[in-house]
Colleague: 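Please see the structure below; I have some questions.
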Amino acid sequence: MLRVILAEDSVLLRAGLTELLTLGGHRVLAAVGDAPALLRAVEAERPDVVVTDVRMPPGLRDEGLRAALALRSADPSLPVLVLSQYVATAYATQLFTGGPAAGLGYLLKDRVGEVEEFLDALRRVHEGQTVIDPEVVRVLLASRPADDPLDRLTPREREVLALMAEGLNNQALAARLFVTEASVVKHAGSIFTKLDLDPTEGNRRVLAVLAHLRRTGGRSAAD
């Protein structure tokens, strides 16, 4: 059972997510509708994981994501899962590059096809994994600067990189792409080499997804 704080400005969606999390065996400590309330609830309750929307009161722009940035700045170990309808590129960049990427997720509401998919993402984020919707990766890749090392990747390597962002292991990647695990290992090794990633780094998959963001310095324009 995870102790969850949920931030969602839509009353109906907030109620639905609360019931979904409860039926999934988790405890919703607080379900709030604005960013200031989220910050207060986290300070008071110390949850296991936070689930937050991006656009929330008072400004209905990026308050939820900025609150997530503040929470992670105060406690880099706090797991945060962003659940949104769109990609806020600048603040998403800051979220994933402002500190440890472990325990972070960014899912798009319209692309979560199964309840179990959402609950599994929540579990993985709590366990310290990084879970990013491939569409989020695509948008962030599109905002990269000129002469980015990712330009070295082949289309197939970009496809593998996007699936890595979902947290898939080699076996799952091979099944998704209808190739052998040996082929996945070959593509992954090529990606790591082309992105100049240190082979001694333990989590090169996450580093591969986020390498270009570190080079931008968070200068992408917000949506």
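When reading the values below, keep in mind they use all heavy atoms of this one structure, side chains included, and skip hydrogens, waters and symmetry mates. Note that this is a predicted model, so its numbers are computed, not measured. The first residue in the sequence is number 1, and the count goes up from there.
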Colleague: Residues two or more places apart in sequence or in another chain: which of them pass side chain to side chain contact (heavy atoms under 4.5 Å, CB included) with Glu19?
Modeller: Leu23
Colleague: Linking I/L/V/M/F/W/Y whenever their side-chain heavy atoms sit closer than 4.5 Å, directly or via other members, would Met56 and Val50 fall into one cluster?
Modeller: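 No, separate clusters.
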Colleague: State plainly whether the residues Glu127 and Arg124 are in salt-bridge range, i.e. N to O under 4.0 Å.
Modeller: no
Colleague: State which residues pass side chain to side chain contact (heavy atoms under 4.5 Å, CB included) with Ala37; sequence neighbours excluded, sorted by chain then number.
Modeller: Val32, Asp34, Arg40
Colleague: Does any pair with a residue in residues 7-18 pass side chain to side chain donor-acceptor pair (under 3.5 Å), and if so which ones, sequence neighbours excluded?
Modeller: Glu8-Lys109
Colleague: For the atom pair CG (Leu2) and CZ (Arg27), what is the distance rounded to the nearest 0.5 Å?
Modeller: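 These two atoms lie 12.5 Å from each other.
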Colleague: If you look only at distance, which donor and acceptor atoms sit under 3.5 Å apart when one is on a side chain in residues 41-48 and the other is two or more places apart or in another chain?
Modeller:
| from | atom 1 | to | atom 2 | distance (Å) |
| --- | --- | --- | --- | --- |
| Asp48 | OD2 | Arg3 | N | 2.7 |

Colleague: Between Arg55 (side chain only) and Gly64 (backbone N and O only), is there a donor and an acceptor less than 3.5 Å apart?
Modeller: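 No.
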Colleague: Arg111: what forms a side chain to side chain contact (heavy atoms under 4.5 Å, CB included) with it, not counting sequence neighbours?
Modeller: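 By the side chain to side chain contact (heavy atoms under 4.5 Å, CB included) rule, Arg111 matches Leu108, Asp133, Pro134, Glu135.
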Colleague: Output every pair passing side chain to side chain donor-acceptor pair (under 3.5 Å) with a member in residues 178-190, not counting sequence neighbours, ordered by first then second residue.
Modeller: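 Listed once each, the pairs are Glu157-Ser190.
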Colleague: Which atom pair, heavy atoms only, marks the closest approach of Tyr86 to Tyr106?
Modeller: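 Looking at all heavy atoms of both residues, the shortest contact is O-OH, 2.9 Å.
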Colleague: Looking at CD1 of Ile5 and CG of Leu21, how far apart are the two atoms once the value is rounded to the nearest 0.5 Å?
Modeller: 12.0 Å
Colleague: Starting at OG1 of Thr52, measure out to CG of Leu83 and round the result to the nearest 0.5 Å.
Modeller: 9.0 Å
Colleague: Decide whether Val51 and Leu13 are clustered together by the hydrophobic rule: side chain heavy atoms of Ile, Leu, Val, Met, Phe, Trp, Tyr closer than 4.5 Å, transitively.
Modeller: yes
Colleague: Which of these, Arg123, Glu117, Glu116, sits in a side-chain contact (heavy atoms from CB on, under 4.5 Å) with Leu119?
Modeller: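 The side-chain contact (heavy atoms from CB on, under 4.5 Å) with Leu119 is passed solely by Glu116 among Arg123, Glu117, Glu116.
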Colleague: Test of understanding: clusters of I, L, V, M, F, W, Y form through side-chain heavy atoms closer than 4.5 Å, transitively. Do Leu122 and Val115 belong to the same one?
Modeller: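 Yes, same cluster.
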Colleague: Under 4.5 Å between side-chain heavy atoms, counting indirect links through other Ile/Leu/Val/Met/Phe/Trp/Tyr residues: same cluster for Val185 and Phe192 or not?
Modeller: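 No, Val185 and Phe192 fall in different hydrophobic clusters.
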Colleague: Say whether Leu39 and Leu60 are linked into one hydrophobic cluster, either directly or through other cluster members, by side-chain heavy-atom distances under 4.5 angstrom.
Modeller: no
Colleague: Verify the neighbour count for atom CZ of Arg156: are there more than 12 heavy atoms of other residues, nucleotides or ligands below 6.0 Å?
Modeller: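 Atom CZ in Arg156 is crowded, with more than 12 foreign heavy atoms closer than 6.0 Å.
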Colleague: Supply the atom-to-atom distance Lys194 NZ to Thr154 OG1, rounded to the nearest 0.5 angstrom.
Modeller: 5.0 Å
